[in-house]
**Q** 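Below: one structure in structure tokens.
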Amino acid sequence: MEEDDVSIREQNFYSQVRECIICFLLFAILYIVSYFIIKRYKRKADEQEDEDVTVNRVSLFLSTFTLAVSAGAVLLLPFSIISNEILLSFPKSYYIQWLNGSLIHGLWNLVSLFSNLCLFVLMPFAFFFLESEGFAGLKKGIKARILETVVMLILLALLIFGIVWVASALIDNSSASMESLYDLWEFYLPYLYSCISLMGCLLLLLCTPVGLSRMFAVMGQLLVKPTILEDLDEQMYIISLQEEALQRKLNGGRSVVDNNMKRIEHDLLNAKAMKCKLERRKNASPWERNLVYPAVMILLLIATSFSVILVTCNILRLLVDETAMPKGSKGPGIGNASLFTFGFAGAALEIILIFYLMVSSVVGFYSLRFFGSFTPRKDDTTMTKIIGNCVSILVLSSALPVMSRTLGITRFDLLGDFGRFNWLGNFYIVVTYNLIFAIVTTLCLMRKFTSAVREELLKAIGIVSYVLYIR
């Protein structure tokens, strides 16, 4: 009996070590990819003091860590879905013994823990550390900047604690609710992360419909459009003449005013960019021009329409079935039953749809006027702006699994702290969220596809009004 207990403890120990190694390898891969992404956009630093170099390195490390956690949050749901199907298809395979429910639950818990750590500790520390100079009267140096950063973090924690306390008192003014806030680990931090998750879902609700309609324009810029009733040679000739004329003005423009010189340089850059686009369209193969572009546009339309249909079906399911709520639904568990009728095909379709929603939300986020200045530029993004981008991506990515489950895009149950958010059990919030997403996405698509018709109608109305005015 004792030997059996020892063997069980050894198996549990080895399984835990194996899970730790797998989690470390996965995170290392994400960290390396995130590091190269940030280095691609980070502004090349000029000559700096050793102190500023150290501060920048620390901020870069923390930003890379946060971006890696964001990537893990994005991959969390797709990895869990495909793992469930693999365990069902190969239940006794020796090569996938490392893939089990304990590993999946551990990944969800780690992502939740690291998301809290990055959002409330690491990113504020990186920002304050980057902006700190040390208190007046103290000797300048790293220690003085660390001291100022720690003091600012303590003040920020007190401020957030007070805001959450007031919000909790406004929502639920019972003594039990107020006393539970003293339990920082079991209640306060999950409650605070629940509020942040709700804000992230609301931000996704704002960004995703905009991004779904914006994706057509983005793909139109990346792909080569068909040349219908267009003479590319004539356009190339006109652009070449414009470029030569602007170049002559720029070369002989010593007496030109500086403002006109800047305008000429801007027009010259636009002419060169337009010439490059026309050359690309001219050199593209007929297959690329006439097949790829229409196929991609049709796929985007199908994916967007399918998303709206799934959300509409989820609204109907919520009205008649209580188990459709994101919180409280207990599924069969990892590797016990498939969530899809078509097996791997259904899982692959759902994963593609989740990634499509995430990409659309990021495109929509940077398309909004308020966040347009956050857009990173290659080799010209300051460290402060990188920190802001990492925080924004973290909020969006950590809310992606919650949004996908709330909208009914997936039926995979939220694991760990993701499934414990209080607002997920509120029927009115969940139904309203689904309704707003379906309505706003439909309106954005209608606005996108009818914009050309509306512009032509406005032009026609303007011409008719002008003719009537002349008469």
Side-chain angles (χ1 to χ4, degrees), residues 74 77-78 80-81 197-198 200-217 219 296-331 338-343 345-365 367-368 396 399-414 418-419 421 423-451:
V74 172
L77 194 56
S80 302
I81 292 171
S197 175
L198 179 59
C201 288
L202 293 177
L203 185 60
L204 282 175
L205 184 62
L206 178 65
C207 299
T208 308
V210 176
L212 289 173
S213 61
R214 178 71 180 152
M215 283 292 291
F216 293 91
M219 296 306 297
V296 171
M297 293 296 114
I298 291 173
L299 288 176
L300 290 178
L301 182 60
I302 292 173
T304 307
S305 304
F306 189 58
S307 302
V308 176
I309 293 172
L310 285 178
V311 175
T312 306
C313 295
N314 187 55
I315 294 173
L316 299 176
R317 195 182 304 117
L318 287 169
L319 296 175
V320 298
D321 188 5
E322 294 182 356
T323 60
M325 291 290 293
K327 184 178 181 180
S329 58
K330 299 295 182 182
S338 177
L339 301 175
F340 312 98
T341 306
F342 301 102
L349 181 62
E350 191 170 283
I351 291 171
I352 292 172
L353 204 56
I354 292 172
F355 281 128
Y356 177 58
L357 290 178
M358 184 60 198
V359 173
S360 300
S361 65
V362 174
V363 171
F365 176 80
S367 299
L368 297 176
L396 292 175
L400 178 66
V402 182
M403 186 194 74
S404 301
R405 183 65 182 90
T406 304
L407 294 177
I409 303 297
T410 180
R411 290 190 297 152
F412 191 89
D413 291 330
L414 299 173
F418 287 91
F421 300 149
W423 62 271
L424 290 176
N426 192 309
F427 173 78
Y428 297 102
I429 292 179
V430 174
V431 172
T432 304
Y433 192 90
N434 281 261
L435 283 172
I436 293 176
F437 182 87
I439 293 172
V440 174
T441 303
T442 304
L443 291 177
C444 288
L445 287 177
M446 291 177 61
R447 181 176 178 274
K448 174 66 180 178
F449 287 106
T450 60
S451 59

**Q** Suppose we screen for side chain to side chain contact (heavy atoms under 4.5 Å, CB included). Which residues come up paired with I436, at least two apart in sequence or across chains?
**A** L205, T432, V440
**Q** Compare every heavy atom of F216 with every heavy atom of L300, then report the nearest pair and how far apart it is.
**A** CB-CE2, 3.7 Å
**Q** Can you tell me how far the CG atom of L318 sits from the OH atom of Y428, to the nearest 0.5 Å?
**A** 13.0 Å
**Q** Rounded to the nearest 0.5 Å, how far apart are CG of L407 and OG1 of T312?
**A** 10.5 Å
**Q** For Y356 and S307, indicate whether the former's side chain and the latter's backbone hold a donor-acceptor pair under 3.5 Å.
**A** no
**Q** Under the side chain to side chain contact (heavy atoms under 4.5 Å, CB included) test, which residues partner S404, sequence neighbours left out?
**A** L77, I354, L400, I409, T410
**Q** Where do V308 and A438 come nearest, in terms of heavy atoms and distance?
**A** CG1-O, 4.5 Å
**Q** What is the minimum heavy-atom distance between L206 and V210, and which atoms define it?
**A** O-CG2, 3.4 Å
**Q** To the nearest 0.5 Å, what is the distance between OH on Y433 and CG on L202?
**A** 6.5 Å
**Q** Output the distance between atom CG (N314) and atom CD1 (I309), rounded to the nearest 0.5 Å.
**A** 13.5 Å
**Q** So, do L353 and L310 sit near enough that their side-chain heavy atoms are less than 4.5 Å apart?
**A** yes
**Q** Where do A399 and C201 come nearest, in terms of heavy atoms and distance?
**A** CB-N, 3.7 Å
**Q** Looking only at heavy atoms, which two atoms of C444 and P209 are closest? And how far apart?
**A** CB-O, 3.8 Å
**Q** About how many Å separate CG of N434 and CE of M403, when rounded to the nearest 0.5 Å?
**A** 10.5 Å
**Q** Checking S361 now: which residues fulfil side-chain hydrogen bond (donor to acceptor under 3.5 Å, both in side chains) with it, not counting sequence neighbours?
**A** none
**Q** Is the closest side-chain heavy-atom distance between F306 and L349 below 4.5 Å?
**A** yes
**Q** Could you grab the distance from atom SG of C207 to atom CG of L357, nearest 0.5 Å is fine?
**A** 12.5 Å
**Q** Between S360 and L212, what is the shortest heavy-atom contact and its length?
**A** OG-CD2, 3.3 Å
**Q** Less than 4.5 Å apart, any side-chain heavy atom of T208 and any of T441?
**A** no
